[in-house]
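Everything numeric in this text was worked out from a predicted model, so none of it was measured.
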Amino acid sequence: MQNLIEANLDTFLSIRFLASEYSTGKTHGGRIDSLGLDENHCPVIIEYKRSVGENVINQGLYYLDWLMDHQAEFKLLVLEKVGKAAADAIDWSAPRLVCIAADFTKFDGHAVQQMNRNIELIRYRKFGDDLLLFELANASTAAASKAKPAKAGKTPVSMPSAAGGTDKTFAEHLSALPPSLKLVLTSLEDYATSLGDDVQRKELKLYVAFKRLKNFATVVLAKKGVLLYLHLDPAPVVKALKNARDVSNIGHWGTGDVEITLTSMKEFDEVKPLLAAAYEGRAPT
């Protein structure tokens with residue numbers, strides 16, 4: 001199962017595979033099952049639970065602490081495997097621990113909820129030889145760390161070097177947001193998280209991501225309004241909305257190929273069906 005997941009990590013979880021059975025050195029004496037970099041440029045440790053009694057969560061936390069103490073080593077690995085652009089864009093504000101197993105106990109879920117760390121328990125189920133289902137069994141999200149990641153240099157469109165000519169954090173933009181836009185943002189976040197029990201809100205350094213197993217929407221704050229990026233085919237959205245544009249070939253913070261600028265509650269109400277479509281992974285109607 002580990003080999004299958006590693007070979008299809010980007011497809012399954014939008015995580016770029018970096019290494020398997022990664023040694024943490026003689027002193028630490030550990031071996032990380034899988035190392036990756038997610039779509040938000042955050043480091044990811046993946047541990048596989050082979051038996052019901054295995055305490056994979058504590059083991060993963062042990063590796064997570066090691067990773068935070070060896071950021072330079074991880075950056076060199078990313079540089080070697082993916083390239084300089086990805087290495088420069090690593091976001092250390094929200095490193096993740098993903099535990100994958102056929103099942104988890106109620107104690108596993110309870111333990112995750114007690115920890116102020118980014119931990120996800122993902123259950124897999126096989127149906128015959130051709131179908132594999134992943135579902136989020138439990139998750140906890142920590143507040144974004146204040147640790148400053150490396151500044152991005154020249155990068156490809158998926159990892160821009162600046163957002164609107166500034167590198168202010170999401171929190172800094174939020175503090176200066178006018179009341180009318182704060183209402184739009186609050187309504188958008190409330191609606192996104194109400195779409196299902198499996199929705200996770202992740203605040204990163206420069207944007208907020210809404211995800212299930214993968215991002216379905218991201219939000220960036222700008223002077224011109226609340227910028228909503230959706231994982232949808234841009235063509236029908238751009239055709240239907242004047243405030244939408246195709247950014248599949250344009251550098252931007254966040255993920256998603258269509259950008260919608262929201263400046264009023266009326267505009268927010270218009271995008272609700274699109275947000276729901278992105279959550280459900282279907283084409284908008």
Side-chain angles (χ1 to χ4, degrees), residues 38-42 88-96 116 118 141-195 199-211 215-232 234 237-238 241-248 250-272 274-275 278-279:
D38 73 11
E39 59 192 316
N40 300 313
H41 319 303
C42 296
D88 288 341
I90 296 171
D91 187 342
W92 288 100
S93 66
R96 297 166 58 194
N116 185 33
N118 293 298
T141 302
S145 167
K146 293 182 180 179
K148 215 170 180 184
K151 256 183 134 179
K154 291 184 179 179
T155 62
V157 294
S158 60
M159 290 175 286
S161 59
T166 178
D167 57 359
K168 283 185 179 180
T169 66
F170 182 88
E172 288 170 336
H173 276 297
L174 180 60
S175 65
L177 207 63
S180 60
L181 290 182
K182 281 186 179 178
L183 178 60
V184 172
L185 176 64
T186 301
S187 301
L188 190 160
E189 293 199 353
D190 288 346
Y191 182 74
T193 53
S194 73
L195 288 169
V199 175
Q200 299 176 69
R201 177 192 182 276
K202 294 200 67 144
E203 183 174 332
L204 296 131
K205 184 187 177 188
L206 296 167
Y207 61 91
V208 164
F210 295 94
K211 63 190 290 281
N215 289 359
F216 64 87
T218 53
V219 175
V220 176
L221 300 181
K223 290 181 179 179
K224 62 180 179 179
V226 176
L227 305 182
L228 173 65
Y229 296 93
L230 296 175
H231 285 249
L232 293 173
V237 180
V238 171
L241 297 177
K242 291 181 179 179
N243 56 333
R245 65 171 182 154
D246 182 344
V247 292
S248 55
I250 301 173
H252 62 279
W253 293 114
T255 64
D257 287 341
V258 60
E259 174 192 275
I260 305 172
T261 303
L262 304 176
T263 59
S264 68
M265 287 301 295
K266 180 178 180 296
E267 291 174 342
F268 165 64
D269 288 335
E270 291 173 346
V271 304
K272 282 183 179 180
L274 299 175
L275 198 51
Y279 165 77

Check your understanding: If you draw a 6.0 Å radius around NZ in K223, do more than 12 non-hydrogen atoms from other residues or ligands fall strictly inside?
Key -> no
Revision key, fill the gap. Applying side-chain contact (heavy atoms from CB on, under 4.5 Å) to N243 and not counting sequence neighbours gives L241, I260, L262, E267
Check your understanding: How about L185 and V208: do any of their side-chain heavy atoms sit closer than 4.5 Å?
Key -> no
Review point. Which of parallel (below 30°), tilted (30 to 60°) and perpendicular (above 60°) describes F216 and Y279?
Key: perpendicular
Review point. Do side-chain atoms of E39 reach the backbone of N215 as a donor and acceptor pair under 3.5 angstrom?
Key: yes
Exercise for review: Answer yes or no: is there a side-chain heavy-atom contact under 4.5 Å between K224 and T263?
Suggested key: no
Check your understanding: Between S248 and D257, is there a donor-acceptor pair closer than 3.5 Å when you use the side chain of the first and the backbone of the second?
Key -> no
Check your understanding: Pick one: which of R96, K211, K202 meets side-chain hydrogen bond (donor to acceptor under 3.5 Å, both in side chains) with D38?
Key -> R96
Study note, to complete from the structure: Between V184 and S264 the two heavy atoms that sit nearest each other are CG2-C, 3.6 Å
Practice item. May I have all residue pairs that pass side chain to side chain donor-acceptor pair (under 3.5 Å) and include part of residues 177-191, sequence neighbours excluded? Key: E189-R201
Check your understanding: Under 3.5 Å, is there a donor-acceptor pair between the Y207 and N40 side chains?
Key -> yes
Study note, to complete from the structure: Note: L204 and A94 closest approach over all heavy atoms is CD2-CB, 4.0 Å
Exercise for review: Give the minimum heavy-atom separation between F170 and V219, together with the two atoms involved.
Suggested key: CE1-O, 3.9 Å
Review point. Taking all non-hydrogen atoms of both residues, which atom of A222 and which atom of L227 are closest, and how far apart?
Key: CB-CD1, 4.0 Å
Point to revise | Note, L275 side chain near L228 side chain (heavy atom, < 4.5 Å) | key: yes
